[in-house]
Structure formats: structure tokens, C-alpha cells
Student: 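I am attaching a structure below and will ask some questions about it afterwards.
All values below come from the heavy atoms of this structure, side chains included, with hydrogens, waters and symmetry mates left out. The chains referred to below are lettered A, B, ... by the order of the sequence lines, with proteins before strands, and numbering in each begins at 1.
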Amino acid sequence: MAKLSKRQKGDMWFAILLLVPTILVLVRIFIWPIYQSLVWSFYHYNLLDGSAARFIGLKNYVYTLTDPQFWMSTWRAIYFTVFTCSIELVLGLFSALLLNQVFRGRTIFRAMIIIPWASLTLVNGLLWNWILQPQNGALQVVMHALHLLPQHANPNWLASTDGSVIWAGVADIWKMTPFMTLLLLAGLQSISGELYEASMMDGAGFWRKVWSITIPQLTPAIIVALVLRIMGTFRVYDILTVFTGDPSSSVTYLTMNYGFRYFYMGKASAMAWTSTLFILALIIVYIRMMKKNMDEQT
Amino acid sequence: MKRIQKSSSDIIPSGYLWTGLIILAVVTLAPFVYLVASSLSNKVELLDGHLIPHHPTFLNYVHLFQGTDGANFLHAMLNSVEVAILTTLISMIIGVFAAYAFARLHFPFRITSLFAVLAMQILPSVSIIVPLYVLFRNGITIGIPFTHVVFYHSPPLLDTIWALVVAYTAGSLPFVIWLMSGYFQSVPKELEEAATVDGTGRFGTMFKIILPLSLPGLAATFIFTLLNNWDEFMFASAFTTTFASKTVPVAIQEFIGRHSMDWGLMTAGGFIATLPPVIISFFFYRYIVNGVTAGGVKG
């Protein structure tokens, strides 16, 4: 190790002093629990049957991976994620393009789109559930009024779990598109106007400009926003609890059910770890990108 | 009035721009307006499917705050406020120091630890929820590790707001560190060096130079953390069993179950619960935009 100057040594001790509270807290309430849940995932550990925890090897994982409910919920979570994130990206991009223009009252519009994002997630789920109610829900009333739906038709959109998952996606899109918009707006602001001016000389129209300037320039922001949203959406819980009441509608929901309804702590831990591994892969991709980004800046 | 300067990044023609903006406004506001309108409707009108009440009434709000249910709802509001503020304060006080170390000081494994913190921030909370439950059931022990020396053993924390404060801190602290270290990095180094030359100590430079200059960042982080904790539902539903510690989202969900979907009551409760974050984000709009962009794009 290279010899440190007096100043550098001082820096190091000061850094350690500043970091100690964080390290103590995070080790106690984050790192240790994660480790513990890894250990328990190899144990038969049931809070309700009163038996002592005992080591059972990979049985919890075998149980998880052969459980059709687990796969069903995982597929639904992936489905939900792809559906909401792709639509959020498209809508978010267009809203960001709109709000990036110069017009009177721009600040009001920019502040307005935060309302859905600021509303409580659970309330958002309930609100959309109310909108989708058969007979007296707003969507049916509006569709009847606009003659988009035959007057006697009274569909129950939330009757099946698969249908509910899609409508929960709609609720999520309404709430989280603003977040996407804000992230992309930040990216748009760094694109220089000269690029557009140059393309104007070539007589490029709107779509051409978006396709050959905006999207390539915005790619880093798009990727970061997408990764953040994918990780957020994959673990969705609150919206689905009020929409479906069916634990197999999302992995998180299923895990929570194992843990806090039946108190199978070992199985819940194994399940949490299995789905966490999916996300961990994404996190690694994200971190590598961030690191690259950081290296380029310095 | 000043003429609005067109910029060359304005790529959408004016007519399409305003069509788009109107659609955006309607889609954004309509569900929210419907929430408010429903909360002001009586039962008959809700069942008839009237979108806008013909005879607006505050009856749902009166019911919401009346009797035992009302007391419970108010208590849940109070719990939410307490939990959100306590968590935010604790994570900010601890996290700001760490963020400063990450942003300003050189020590071994600095970048690696910073990215470990980032990984903690994005790991799903379901992966720590089971051990935290057991931890809270047994009570937290503070002592010297690997010895039997115990300074303090807390009573079981399940069904107290402290369980939520501790659990939320696990999520908020990495977030605060990541966001704040980004802000600290944007403060010019020269200012700090000048202060050091003037003989200001390490703590002095931090408190007198860096922190005051990072006020917008501190505000953004504070508001962002506050909103996140107000919204949290999963931990809250796992760790609380009675109204002693239920927060607003859990209370609203319970409310609905017991009254077999009283939509009037739900919309009234939902509106009240949504009001604080919406008002906060309207007033601190600029900070929130900063927070979102700094947290995601800049790093």
C-alpha cells in the first residue's frame, strides 16, 4: 500500500468517523437480515406450528421452483412489468417532448402531471377499481355516453385475475408515467438545439427528428429510466392486493402470503431470494452502466 | 408582456402541441377529479353512476371522522405523519454524514462501497421483510457483537410505530446517501480548499461551507424520502395488527373491507390521505424534479 500523507490519513479517519453510524445501522437492519433470510431459506422454519427450525437443505427452493403458483405469479409479474413499462416509456416520451417545448403556462403543466405520481399507491389502486366497477363505474358511464359500448352491455372487467392484472397495469401507468416523463425531460434538456437546426436544413419533419435525433441522444436516459421502472414494477404489491385479491397475481404478493398469512418463514425466504436473484441480475447491469457513466464524466 | 422565445428544440407544431397538452391534462386530472367528485356524492348518486354529484354533500367526510372509525382514521393519519417525519429525520441525520464522506473524502473502497449502497437502495424490500419481522417480534438488542455484553434490549416492536420507523430507515438511508453524495459532488472543490487554507477544521468546512450550499439538495432529499414513506404499504401491512400503529394506506384498506366497499367513504379517505403529498409536491415542485433527475440520471 502506498504511503499516505498526513492529510490523506486524516481524511481516512474522518471518513471512518462519518461512516460508522451508517455502517452500524445498515449492518443491523439490512445486511444482517438479508444474510439471515438466506440462511432461513435452507431451514424448515414455521412460526405457527411451534416446531424448532431445522436444516432441510434445498427443499424450500425445490418446493418454490416446482410450485405452479410460483411460476404463474412470476409470469404475471413479468407480463405486468413489460406491459406497464413499455407503455409508460412511450407515453412518457411524448409527454416529455410536449413539456420540453416553450409555451405559456409550462410550469403549471409540469407541476400538474405530478398529481398522479404524488397520490398514494393504494388509493390509486382503489380509485381505479372504483372507476372500473360494473354498472356505476366511471369508465362504463363514459363509454355508454359516448356510445362506445352498447347500452345494455355491462362487462365486469375485474372478473378474472388476468383481466385484473391488466387493469392494475393501467392504474400503474396512470400513476407512474409522470415519473418517466420527469426522467426523460431531464435527458431532453441536455440535447442541444443545434442538432435540430441542422436537421431542419435537411427538411426533416417531426417523426424524422424524433427518430434520428431525440431517441439516439436520449438513449442513456431512456435506459436508466427503464431499468428503474422495471425494478419498481416487478415487485409491485399494493395495487394488486386491491385489484385481484389473488396471491398468484405477483411474486411479491405470493411471498407476502407465504410469510405473513401462513408464517412459513423458510419458504417465504426461499421465494424472496429466488425473485431477488432475478432483480439482482438487473441491478448488476444498472450498476455497470452507472459506473461507466461516472468514469466518462471524470 | 414578454414575447415567448421559440427555441429550436420545439419540434412539435403549435396545433399538435396544444392538442397534446389538452389530452395530457384531461387524462392526468380526470381520475383525480372523479375521486373528489365521488367523495362529495351521496350513496344514491354513486349507485346511479352520476359522475358529478347533483347535490354535493360532505356527508362522507362527516362519516369518515365520526365515531370509533373516525378516531381510528385520525390516529392512522397521526401515525403516518410521525413515522414519515421520524424516518426521514433519522435517515437524513445519519445519511448526510456518510454522503459527505463518499463525496468529499478519499478512502479505500470508496466507489465500491458507494455502489453497494446503490444496490441496497434498489433491492426489493420483500427480501428483508421476513427477518425484520422476527427481529421486531423478539425486540432489538444493542450490544457488542460476538460477546454477551448488552447495552439495551428493547421490548417487542411489532405493532408499534418504531417497527415501521426502523424498517423504513433500512430503505431510506441508502437512498439519502446516494442522492446527497451526488449533490455534494456538485459543490465546487475550490470553496472547500479556500476554507481549509483559512484554517477551518474538517467539521467546520462541512457545516459552514458544504451543507449551506447544498440546501436545495437537502430539501429535495427530505421531501422525496417523506413522500416515499407516506406511500409505503407492504411493511406497514406486515408489521401492524391494531390501530395503535396502522398508517393511512393500511387504515384505508381495512376501512373498506369492514364496510364492504363503501365507495363514498373510500374516496373521502383516499382524498384526505392523498392531500398532504399532493400539496407538498405542488409547493416544492422544483425540488422534486431535481430529486427525481438526480436520483436516476445523474447518479
Student: Based on non-hydrogen pairs under 4.5 Å, which of Leu24(A), Thr252(A), Leu26(A) is most in contact with chain B?
Tutor: Leu26(A)
Student: Tell me, side chain or backbone of Phe224(B) under 4.5 Å from chain A's heavy atoms, or both, or neither?
Tutor: side chain
Student: Nearest 0.5 Å, please: how far is CD1 in Ile34(A) from CE in Met120(B)?
Tutor: 8.0 Å
Student: Which atoms of Trp230(B) come close to chain A, meaning under 4.5 Å heavy atom to heavy atom: side chain ones, backbone ones, both, or neither?
Tutor: both
Student: In Å, rounded to the nearest 0.5 Å, how long is the span from CG of Leu120(A) to CZ of Phe271(B)?
Tutor: 12.5 Å
Student: Taking atom CD1 of Ile283(A) and atom CG of Leu123(B), what is their separation to the nearest 0.5 Å?
Tutor: 4.5 Å
Student: With a 4.5 angstrom heavy-atom cut-off, which part of Leu135(B) approaches chain A: side chain, backbone, both or neither?
Tutor: side chain
Student: Could you look at Val96(B) and say if it's the side chain, the backbone, both or neither that has a heavy atom under 4.5 Å from chain A?
Tutor: neither
Student: Can you name the one residue among Val117(B), Val176(B), Ile94(B) that meets side-chain contact (heavy atoms from CB on, under 4.5 Å) with Thr22(A)?
Tutor: Ile94(B)
Student: Below 4.5 Å from any heavy atom of chain A, which atoms of Ser237(B) appear? Answer side chain, backbone, both or neither.
Tutor: side chain
Student: Parallel, tilted or perpendicular for Phe263(A) and Tyr133(B), by the 30°/60° rule?
Tutor: tilted
Student: Do the rings of Trp263(B) and Trp130(A) sit parallel, tilted or perpendicular, given the 30° and 60° boundaries?
Tutor: parallel
Student: Is Leu46(B) close to chain A through its backbone or its side chain, or both, or neither, when contacts mean heavy atoms under 4.5 Å?
Tutor: both
